[in-house]
Amino acid sequence: MNAASLSPSRRSTLAPLAVLVCSLVLTTASTALFFVTALSRDTARFESLVQVIQDRIFAHLDSDITLLRGAAGFFAASDTVTPEEFRIYVKRLDLKRYDPGVQGLGFSRRIPASEKEAWVEQVRATGQPSFHLWPEGPRAEYHAVIYLEPLDARNQAALGFDMFTEPERRAAMERAWLSGEPALSGKVLLKQELEADKQAGFLLYVPVYQGEAVPSSEAERRERLQGFVYSPFRARELFSGIFPATRHPRLYFRIYDGPEARPEQLLYDSASLQAEPPPGSPRFVRTTHCEIAGRPWTLVFTSSPTFERGLLSSWVSTVGGVGLLLSLMVFAVARSQLTARQRAEANGAERARLLAREQAAHAEAEAQRTYLHDLFMQAPALIVILGSPQHVFEFANANFQRALGHRDLLGKPLREAVPDLGPEVLSVADTVYRTGQPSFEQEVLIPIAYTHGQLEEKYWNLVWQPRRSPGGQVDGVLLFAFEVTEQVLARRLVEASREEARRSAEQLKTITDTLPALVAYIDSEERYRFANHTYEPWFGVKPEDLLGKTVREFIGEEFYAEFREPIARALAGEVVRFEGALTRKDGQNLYMQSSYIPERDAHGQVLGFVVLAFDITERKQAEEAVRSAVRLRDEFLSVASHELKTPLTPLSLKLQALAREAEAQPDSPFVQKVRTHVEAGRRQLKRLSDLIGDLLDVSRITSGQMKLHWEPVDFIAVVREVAARLEPEAHRAESRLTVEGPEALPGQSDRMRLEQVTENLLTNAIKYGAGKPIHVLLVASPERITLTVQDQGIGIEPEHQARIFERFERAVSGRNYGGLGLGLYITRTIVEALGGTIRVQSEPDQGACFTVELPREPPAP
């Protein structure tokens, strides 16, 4: 049967059915095509966002790896990096500004068990007095954190921690150690987690070896490891810094440590920070696996409600319904041409809307590319992308353009754009492009014309990375450069300073070894840190064997008891000088005169003290010999004085009897002559008696046997009585003697000693008064009396005025003036014993004025 054999009514019935079937087929096909297209475009958008997130994570962690490689080079280039140098280095990196996720930059030292105590002392000496290794327990070696900057309260908690004792950290450290490459740890809880809200974290390690390059063999790497440069990361803080929170995120993602997405290994969940919860059954889910610094991570991406509200595929049912409705409308043929035209226009509007969505997706992708471009442009490093074997500039960030003086770079080969670049740098770029292997160079000197058109020499850390096409072929090279000129120059300055300090220390040791004295430095724990060569001949101890020992260990408990007090005073900041004795290696006592001079830091804290000790044994022996001789002399004077005093009494009696006999005889020339000789003998006898009395007084003073007998006295009466007794002697010297004072001056004193003081001063004034008047003045206050004896004689030279009060001292020649030079010494001693003072004022040929001040009552004991 064919269509021609059908009746018209039959054809009219089948025709709409055929149209309906065709319309339904076309509608189904169109809907399916729309679904496939929309799903493809939605999937592409989702995959594009996934790739952007992954690229940002990889780029950020690659920058952190590069940062750690630079720090590892800093440690490898210097035998000893001081805390201050490391603090300046980290401060210049400005981690909080350019890398907000990293908690700090640290260094863990590999310390053999035999060097543990020495390292602890060394770190404490650099300004960390509470530093210690933990956890406790003996181990063959330690990998302790000795530097961690910035040294805030959180990072303080990790100092001294042996990271090798924790399995996750140890696995990453061993992987980095044996491979020589950066290594990422598994999920850990950082030691810096002090708050209640603790975050998951991980650590990134780069090994530091002795020498300029990473050892080529595993055995050498095992042997030459110095330690690890590392950074701790708080996962939530890190990824929140990379991906700042937005109100309507398009994707949610979770990061798991390891090859599987296990809940206990979750590092970060972006949905936990959003106000809008993720959908229960997201339309798009993508799980990716990656490896960062040798550690596998699993990333799970899901579409967000915001993303799903903008999906084209969500319009499939609408498109299908529209197609079905069109089919029914065609089938019914009930619609007018206007309705058909409106439907067509509606379809056109739908296509325009779909086109607008497609353009928005392209704009989003462009915005992501722009963001990545801006990120590279603002990065603190110099970043360049070179394409093709000729290394044509495809991209150069702002820092690179600024560093090269804004040269015309883009589109030009490296050799043409930077013709003054050395061939060694070009050779590295060629090698990376040819082999596809990255290259890391530290402190490369590149002398070219930078910003001022003149040749400059700067040092750089260079990281060369090959860029690969989707097919895996190398089609370009990425260069990351970090200028380290200041660090290199600073390190060289430090090395020069260390060398100068070493030479100065050698010179100091040479100088101190030649001194005939002990020179040492003792720290705040009373341990020897320096000792010169004199310790060996004196005590039989080599200086190097003394270092580290305490003073107690060296000199023993018995002698330490004598030195404990001056050591404590020196460590309290006092300059201490004293004398003490130690036993030499030959068993003889060694007398030393020691000085302890404290050393302080910039804050005034005492760090230790310098010891200077001189051997005064011979001086002590000489002093003892002098004291013995003086003692024998005083004993002789005492004995001689007593023996001389004995015959004077009968001789005086004989002269007195002879004088009486002469007075009784008739006056004759012989009798007058006898009287004259007797009087002369009596005067000489008195003089001799006075001299012997002075010697006896000196003997009593030196032996401590001079006694005072306090009694009520009238000071003015005593002075007048002595003056009256000496009036004849003054008359013979043709000196007029006057006494001025109040009617009475009562008080308490030793009358005999007061008379002796007055007599000595008046006798001295008569002797040297040159026949001129002598004036005695007494004045009083409620507590003291003042006695002044003024003559107008020959006076005293200024240079002699201090010593005339000493034993056997005279201001004039003994040929012209007799005496032993003891009168003023005895006078001064008596005055001081009575609690008073004596002084003299005099000018040559202008006389002398002696002033004595005495208390009116006995002084307190």
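What you see is a predicted model, and the numbers here were worked out from it, not measured in a lab.
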Student: Has Glu223 got more than 12 heavy atoms of other residues, nucleotides or ligands less than 6.0 Å from its CD?
Tutor: no
Student: Might you point out which heavy atoms bring Leu68 and Ser231 nearest each other, and give the distance in Å?
Tutor: CD2-OG, 3.4 Å
Student: Whether Arg69 and Glu181 form a salt bridge (side-chain N of Lys/Arg under 4.0 Å from carboxylate O of Asp/Glu) is what I want to check.
Tutor: yes
Student: Considering only NZ, NE, NH1 and NH2 on the basic side and carboxylate oxygens on the acidic side, decide whether Glu443 and Arg491 come within less than 4.0 Å.
Tutor: yes
Student: Would you check if the side chain of Arg109 reaches a backbone N or O of Ala144 as a donor-acceptor pair within less than 3.5 Å?
Tutor: no
Student: Is Glu394 close to Leu410 at the side-chain level, that is, under 4.5 Å between some pair of heavy atoms?
Tutor: no
Student: Is the backbone N or O of Ile242 less than 3.5 Å from a side-chain atom of Arg56, with the two atoms forming a donor-acceptor pair by type?
Tutor: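 The answer is yes, because a donor-acceptor pair under 3.5 Å joins these two groups.
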Student: Could Lys549 and Tyr528 be counted as a cation-pi pair, given that NZ or CZ must be under 6.0 Å from the ring centre and within 45° of the axis?
Tutor: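 The answer is no, since Lys549 fails at least one limit relative to Tyr528.
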Student: Does the ring of Tyr268 carry Arg236 above it, NZ/CZ under 6.0 angstrom from centre and within 45° of its axis?
Tutor: no
Student: Main chain of Leu184, side chain of Arg175: is a donor-acceptor contact present, judged purely on distance under 3.5 Å?
Tutor: yes
Student: Is it the case that the side chain of Ser427 and the backbone of Pro423 share a donor-acceptor pair, with hydrogens and angles ignored and the cut-off at 3.5 Å?
Tutor: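 No: the side chain of Ser427 does not pair with the backbone of Pro423.
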Student: Using 4.0 Å as the upper bound for N to carboxylate O, is an ion pair formed by Asp408 and Lys412?
Tutor: yes
Student: Would you give the length of the straight line joining atom CH2 of Trp297 to atom CG of Leu61, rounded to the nearest 0.5 angstrom?
Tutor: 5.0 Å
Student: Gln401 side chain to Ala396 main-chain N or O, any donor-acceptor pair under 3.5 Å?
Tutor: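 Checking the backbone N and O of Ala396 against the side chain of Gln401, a donor-acceptor pair under 3.5 Å is found.
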Student: Does the side chain of Gln54 pick up a donor-acceptor pair with the side chain of Thr288 at under 3.5 Å?
Tutor: yes
Student: If you define the side chain from C-beta out and look only at heavy atoms, does anything of Leu238 sit under 4.5 Å from Val102?
Tutor: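 Of all side-chain heavy-atom pairs linking Val102 with Leu238, none is under 4.5 Å.
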Student: Does the plane of the ring in Phe239 sit parallel, tilted or perpendicular to the ring in Phe253? Use 30° and 60° as the thresholds.
Tutor: perpendicular
Student: Pick one: which of Arg139, Arg170, Arg169 meets side-chain hydrogen bond (donor to acceptor under 3.5 Å, both in side chains) with Asp162?
Tutor: Arg139
Student: Might you work through the salt bridge (Lys or Arg N to Asp or Glu O under 4.0 Å) test for Arg154 and Glu195, ending with a clear yes or no?
Tutor: CA-CA 9 Å; Arg154 295 170 60 86; Glu195 297 87 356; 2.7 Å; yes
Student: Determine yes or no for a side-chain-to-main-chain donor-acceptor pair under 3.5 angstrom, with Arg286 supplying the side chain and Glu47 the backbone.
Tutor: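 No; judged by distance alone, with no hydrogens or angles, the pair does not exist.
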Student: Using a strict 4.0 Å threshold on nitrogen-to-oxygen distance, state whether Glu495 and Arg498 make a salt bridge.
Tutor: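 Salt bridge absent between Glu495 and Arg498.
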Student: I'd like to know if the side chain of Gln51 pairs up with that of Asp55 as donor and acceptor (distance under 3.5 Å, no hydrogens or angles considered).
Tutor: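 Per modelled atom types, Gln51 and Asp55 side chains form a pair under 3.5 Å.
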Student: Could you go through the side chain to side chain contact (heavy atoms under 4.5 Å, CB included) check for Arg234 and Leu190 one step at a time?
Tutor: CA-CA 8 Å; Arg234 303 178 82 196; Leu190 300 179; 3.8 Å; yes
Student: Could you check whether Glu291 pairs with Arg295 (Lys NZ or Arg NE/NH1/NH2 to Asp/Glu carboxylate O, under 4.0 Å)?
Tutor: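 Judged by the 4.0 Å cut-off on N to carboxylate O distance, Glu291 and Arg295 do not form a salt bridge.
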Student: Would you say Arg222 has more than 12 foreign heavy atoms packed within less than 6.0 Å of its CZ?
Tutor: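 12 or below, so no.
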Student: Do Leu225 and Val208 come close enough that some side-chain heavy atom pair is under 4.5 Å?
Tutor: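 A side-chain contact under 4.5 Å is absent here.
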Student: Does Val384 reach the side chain of Phe393, with side-chain heavy atoms less than 4.5 Å apart?
Tutor: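 Of all side-chain heavy-atom pairs linking Phe393 with Val384, at least one is under 4.5 Å.
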Student: Are the ring centres of Phe75 and Phe86 closer than 6.0 Å?
Tutor: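 Ring centroids of Phe75 and Phe86 are less than 6.0 Å from each other.
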Student: Salt-bridge test for Glu500 and Arg503: reply yes if a basic N is under 4.0 Å from a carboxylate O, no otherwise.
Tutor: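 Here Glu500 pairs with Arg503 in a salt bridge, since their nearest N and O are under 4.0 Å apart.
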Student: Donor-acceptor pair, Ser185 side chain versus Ala172 backbone, under 3.5 Å?
Tutor: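 No: the side chain of Ser185 does not pair with the backbone of Ala172.
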Student: How many angstroms lie between atom OG of Ser63 and atom CD1 of Ile383, to the nearest 0.5 angstrom?
Tutor: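 Those atoms lie 6.5 Å apart.
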Student: Hey, does the side chain of Tyr147 reach the backbone of Val81 with a donor-acceptor pair shorter than 3.5 angstrom?
Tutor: yes
Student: Side chains of Thr302 and Leu251: closer than 4.5 Å at any heavy-atom pair?
Tutor: no
Student: Taking C-beta and beyond as the side chain, do Gln437 and Val432 meet within less than 4.5 Å on heavy atoms?
Tutor: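 SC-SC contact between Gln437 and Val432 ruled out.
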Student: Quick check on the 6.0 Å ring-centre criterion: do Phe46 and Phe301 meet it?
Tutor: no
Student: Apply the test salt bridge (Lys or Arg N to Asp or Glu O under 4.0 Å) to residues Glu84 and Arg87: give CA-CA distance (whole Å), side-chain angles for both, the deciding distance (0.1 Å), then the verdict.
Tutor: CA-CA 5 Å; Glu84 181 64 15; Arg87 184 189 66 80; 2.5 Å; yes
Student: Output yes when a side-chain donor or acceptor of Ser469 lies under 3.5 Å from a complementary backbone atom of Asp475, and no otherwise.
Tutor: no
Student: Quick check: does any side chain N or O of Glu149 sit under 3.5 Å from a backbone N or O of Leu151, one acting as donor and the other as acceptor?
Tutor: yes
Student: What are the two closest non-hydrogen atoms of Pro232 and Gly104, and how far apart are they?
Tutor: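 Smallest interatomic distance, heavy atoms only, reads CD-O, 3.5 Å.
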Student: Would you call Val120 and His132 a side-chain contact if the rule is heavy atoms closer than 4.5 Å?
Tutor: no
Student: Just jot down the side chain to side chain donor-acceptor pair (under 3.5 Å) partners of Arg224, sequence neighbours excluded, or say none.
Tutor: none
Student: Can a side-chain donor-acceptor contact be found between Asn461 and Gln442 if the only test is distance below 3.5 angstrom?
Tutor: no
Student: Apply side chain to side chain contact (heavy atoms under 4.5 Å, CB included) to the pair Leu478 and Trp464, showing each step before the final yes or no.
Tutor: CA-CA 6 Å; Leu478 281 76; Trp464 299 85; over 6 Å; no
Student: If you count every heavy atom of other residues, nucleotides or ligands that lies below 6.0 Å from Lys198 atom NZ, does the total exceed 12?
Tutor: yes
Student: Taking the six-membered ring for Trp, are the ring centroids of Phe164 and Tyr142 within less than 6.0 Å of each other?
Tutor: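 Between Phe164 and Tyr142, the centre distance exceeds or equals 6.0 Å.
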Student: Find the distance between CD (Gln156) and CG (Leu148) and round it off to the nearest 0.5 Å.
Tutor: 9.0 Å
Student: Kindly indicate whether the side chain of Arg407, heavy atoms from C-beta on, has any atom under 4.5 Å from the side chain of Val418.
Tutor: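 The answer is yes; the side chains approach within 4.5 Å.
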Student: Could you go step by step and tell me if Tyr230 and Leu204 meet the side chain to side chain contact (heavy atoms under 4.5 Å, CB included) rule?
Tutor: CA-CA 5 Å; Tyr230 82 100; Leu204 183 59; over 6 Å; no
Student: For Gln473, does the CD atom have more than 12 heavy-atom neighbours from other residues, nucleotides or ligands under 6.0 Å away?
Tutor: no
Student: Quiz question: by atom type and distance under 3.5 Å, do the side chains of Thr485 and Glu483 form a donor-acceptor pair?
Tutor: yes
Student: Starting at CZ of Arg415, measure out to CG of Leu426 and round the result to the nearest 0.5 Å.
Tutor: 5.0 Å
Student: Relative to Phe202, does Lys187 satisfy both conditions: NZ or CZ under 6.0 angstrom from the six-membered ring centre, and within 45 degrees of the ring's axis?
Tutor: no
Student: At what distance, to the nearest 0.5 angstrom, does NZ of Lys191 lie from CD of Glu166?
Tutor: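 Here the interatomic distance stands at 6.5 Å.
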Student: At what distance, to the nearest 0.5 angstrom, does CD of Gln192 lie from CD of Gln199?
Tutor: 11.5 Å
Student: Check whether the side chains of Thr298 and His289 place a donor and an acceptor atom closer than 3.5 Å, and report yes or no.
Tutor: yes
Student: Hey, mind stepping through Tyr256 and Leu299 against side chain to side chain contact (heavy atoms under 4.5 Å, CB included) and telling me if it holds?
Tutor: CA-CA 6 Å; Tyr256 296 88; Leu299 284 73; over 6 Å; no
